[in-house]
Amino acid sequence: MGKTLAEKVWDEHVVRSVDGEPDLLFIDLHLIHEVTSPQAFDGLRLAGRPVRRPDLTLATEDHNVPTVDWDKPIADPVSRTQVETLRTNCEEFGVRLHPLGDVEQGIVHVVGPQLGLTQPGMTIVCGDSHTATHGAFGAIAFGIGTSEVEHVLATQTLPQARPRTMSVTVDGDLPEGVTAKDLILYLITQTGTGGGQGYIVEYRGDAIRALSMEGRMTVCNMSIEWGAKAGMIAPDETTFAYLEDRPEAPKGAEWDAALEHWRSLATDDDAVFDKEIAIDAADVTPWVTWGTNPGQGAPLGGTIPAPGDFDEEIDRVAAENALRYMALDAGTPLRDVHVDTVFVGSCTNGRLEDLRLAAEVIKGHKVADGTRMLVVPGSARVRLEAEAEGLDLVFKEAGAEWRGAGCSMCLGMNPDTLSPGERSASTSNRNFEGRQGKGGRTHLVSVPVAAATAVRGTLSSPADLRPVAAR
Amino acid sequence: MEKFTTHTGVGVPLRRSDVDTDQIIPAEYLKRVTRTGFEDGLFAAWRNDPSFVLNRPAYDAGTVLVAGPNFGTGSSREHAVWALQNYGFRVVISPRFGDIFRGNSGKAGLLTARVDDKVVLRLWEHLEAEPGATVTVDLEARTVRAGEGHDAIEDSFDIDDYTRWRLLEGLDDIGITLSHDDDIAAFESSRPSWKPATLHAG
Ligand code: SF4
């Protein structure tokens, strides 16, 4: 019997396999950041252990860093301590770090792919649940806890029980103006936030193949939001074209050898998944969330649902609580919902392609009165590349704030937060209560919807905007 | 992790049951970036009370905590174990432990010895009658001992075989993995040269 992509990559990394014990997996790349690593390094220090493979480890500063005045000392003492601790730990243990101010600094899941370190067929871990992003390249990538971070630092391996496999096949074409973000939000609404529990998911089908690498990363990024252990997409010509000539991609004969291997990773025709789901790309429309988990979503053209619309008691209660927290009335058209803050950024939608798309929509328009728009590049390099194309000017002319790189308002660990009761349209991945600031209300949206919403001040798509007069 | 075979130290009678991990260390003490220094937060809510057992000089050198049933229930915070260890405890004796706490303790090298309710009662009486008295916990023989003569307390305790083996050998999870170092090294030597690296020679 053939193997799935996930099984091939898994099997290639088993160091030791014994009945009744989890497999011991070798880890090809360990990404670290300031929030989940300090106790892990401290554990090494207490036990007198070195980092086994600093050459397979990369650190960056992202969760806590300010997006303004990033050349000055960090004002918040807790954030500053975490960042400074990362710096001393990396220095002491010989780990490569891209600190604030470095051109490769940025959100850890933007930095890995951009450097070409994220490659097909790898195992990649990070003390962060959105590590699944890297699965877009055909890698097994998942988030781990601090004890596991220490385990990987010390041994470059991790004991892991073999997960089940699931395929999500998306056939057909996404309609015009519908993005990868809409697709994944739609999928999570269909499956619920626990639908992927315990699975490594492989996204397949024409609509997935048609996505850019950036779009594929957006889809894999949110795998965790429907409970999956990891999300993957088989590498193909799109993947190879993205990787070729990246700083850390193999070169010359090494590239040829790597390519030959990467081409062998696709799921075999006779491989069997433990579970299969199929969706039709044509059914996907611009999708927004109305509730407090990513599965509480609806088409932008629709209305806020009523708790009674749900069959299950548990969903009715969840909807009731969510509507109360979000201060929304059932039956209100989503397009009528006023938004105070638009956030474009995060490891879901903070890459150059996302910023181009946002700029394209907003060009020639102004951010609505009573609404603010924050544009936060996923990495310092994304920021520089966007500035080289003049995207920063487009945003500034429209009245948006152009910021430095980091996680920013995705989780509000830095000063970029919502105030209580403030409502956002956000291109990030979590709309949990208080995620973007205590009492903040989050609607997850795609990049074009975010940009159009900034212009109209209510949830909108680019189709709702008046054409910009020819100049 | 240090090997644990047998330990003799000052016993501290904590006459409370259902001590959850929030009581062991409240959330406000969790902001540190180290695995050390959590002793300040240990039982923080009770430490202001001068009559609290840890505030009594006789128990200053305490290393064996004797607590009531359901010790370490609640939140999964690993900090609860670190706080006890940072303070100096090597062993907690209780009739019942929270599952996650027990797992975390085993990983970090804190021995959780499960004994009969009546053993805890007798230990409490003994340690209160003679503040500063020691308790011996023998992991090889799985026994706790305290006192002398005909009042001596000696009883067995429960611990699962796997955790006992790991503590006796001084192996944490990482230690166990490192005992397969040959397998890891063999795997490393077979990795293709085109796999990426973050550091480059020269
Ligand atoms: S951008 Fe948001 S989701 Fe992504 S790593 Fe940062 S905090 Fe986590």
Side-chain angles (χ1 to χ4, degrees), chain A residues 13-16 24 26 28-30 34 37-47 49 52-58 78 81-82 84-86 89 94-96 115-119 121-122 145-148 150-151 153-159 248-251 253-258 261, chain B residues 1-3 25 27-38 76-83 85-86 100 103-110 162 166 170-202:
Chain A
H13 291 84
V14 174
V15 170
R16 184 172 182 274
L24 190 63
F26 192 81
D28 286 321
L29 179 63
H30 185 194
E34 74 276 16
S37 66
Q39 269 95 9
F41 280 111
D42 211 42
L44 290 186
R45 213 174 278 120
L46 285 175
R49 292 181 173 131
R52 183 184 182 95
R53 298 295 302 264
D55 62 326
L56 303 183
T57 312
L58 184 79
V78 175
T81 307
Q82 286 197 333
E84 281 168 1
T85 305
L86 181 69
N89 283 333
V95 171
R96 169 168 157 192
L115 283 169
L117 275 171
T118 299
Q119 296 174 15
M122 292 172 71
T146 296
S147 296
E148 291 172 308
E150 184 182 341
H151 199 284
L153 286 172
T155 70
Q156 204 57 35
T157 64
L158 208 54
E248 303 293 355
K251 306 282 184 304
E254 303 253 285
W255 171 261
D256 297 336
H261 180 67
Chain B
M1 207 163 86
E2 232 176 290
K3 286 190 186 187
I25 185 158
E28 62 192 280
Y29 288 92
L30 308 183
K31 285 183 192 154
R32 310 186 74 91
V33 292
T34 60
R35 208 169 256 212
T36 51
F38 289 99
S76 65
R77 60 189 64 159
E78 295 179 35
H79 309 72
V81 176
W82 302 339
Q85 289 184 312
N86 293 166
I100 302 176
N104 288 343
S105 297
K107 283 182 186 166
L110 177 72
Y162 183 67
R166 287 196 333 181
L171 293 172
D172 53 13
D173 267 2
I174 294 176
I176 292 171
T177 297
L178 287 175
S179 74
H180 305 304
D181 190 56
D182 290 353
D183 295 329
I184 303 174
F187 186 95
E188 284 173 322
S189 65
S190 70
R191 290 178 80 235
S193 60
W194 45 260
K195 287 270 187 175
T198 57
L199 302 175
H200 305 281

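Protein chains get the first letters and strands the later ones, always in sequence-line order, with residue 1 at the start of each.
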| query | Taking the side chain as C-beta and beyond, is there a heavy-atom pair between A:Arg16 and B:Phe187 under 4.5 Å? | reply | no

| said: Before you tell me yes or no, could you show the steps for B:His180 and A:Val15 under side chain to side chain contact (heavy atoms under 4.5 Å, CB included), namely the whole-Å CA-CA distance, both residues' side-chain angles and the distance that decides it to 0.1 Å? | reply: CA-CA 9 Å; B:His180 305 304; A:Val15 170; 6.0 Å; no

| said: Under the side chain to side chain contact (heavy atoms under 4.5 Å, CB included) test against B:Leu199, which residue among A:Asp55, A:Leu56, A:Leu58, A:Val95 passes? | reply: A:Asp55

| task | Locate the shortest heavy-atom distance separating A:Pro38 from B:Val33; write the atom from each residue and the value. | result | CB-O, 2.9 Å

| So how far is it from A:Leu29 CG to B:Thr198 OG1, rounded to the nearest 0.5 Å? | 7.5 Å

| request: With a 4.5 Å cut-off on heavy-atom pairs, point out which of A:Gln156, A:Gln82, A:Met122, A:Glu34 contacts chain B the most. | output: A:Met122

| task | Looking only at non-hydrogen atoms, find the nearest pair between A:Phe26 and B:Ile184 and report the distance. | result | CE1-CG2, 4.4 Å

| task | Using a strict cut-off of less than 4.0 Å between a Lys/Arg side-chain nitrogen and an Asp/Glu carboxylate oxygen, indicate whether B:Asp172 and A:Arg49 qualify as a salt bridge. | result | yes

| message | I'd like to know which of B:Arg191, B:Lys107, B:Glu78 tops the heavy-atom pair count under 4.5 Å against chain A. | response | B:Arg191

| field | Test side chain to side chain contact (heavy atoms under 4.5 Å, CB included) applied to B:Asp181 and A:Arg52, step by step | value | CA-CA 11 Å; B:Asp181 190 56; A:Arg52 183 184 182 95; 2.8 Å; yes

| task | Taking the side chain as every heavy atom from C-beta outward, state whether B:Thr36 and A:Asp42 have any atom pair closer than 4.5 Å. | result | yes

| B:Ile174 side, atom CD1; A:Leu153 side, atom CG - distance, nearest 0.5 Å | 8.5 Å

| Looking at A:Val78, A:Thr57, A:Thr118, which one has more heavy-atom pairs under 4.5 Å with chain B than the rest? | A:Thr57

| said: Can you give me the closest heavy-atom contact between A:Pro159 and B:Thr177, atom names plus distance? | reply: CG-OG1, 4.4 Å

| request: Determine the minimum heavy-atom distance between A:Glu254 and B:Ser193, stating which atoms define it. | output: OE2-OG, 2.7 Å

| said: Tell me the closest heavy-atom pair linking A:Leu46 and B:Arg35, and the distance in Å. | reply: CD1-CB, 4.1 Å

| Just checking, any donor-acceptor pair under 3.5 angstrom between side chains of A:Gln39 and B:Thr34? | no

| field | Smallest separation among heavy atoms of A:His13 and B:Lys195, with atom names | value | NE2-NZ, 3.6 Å

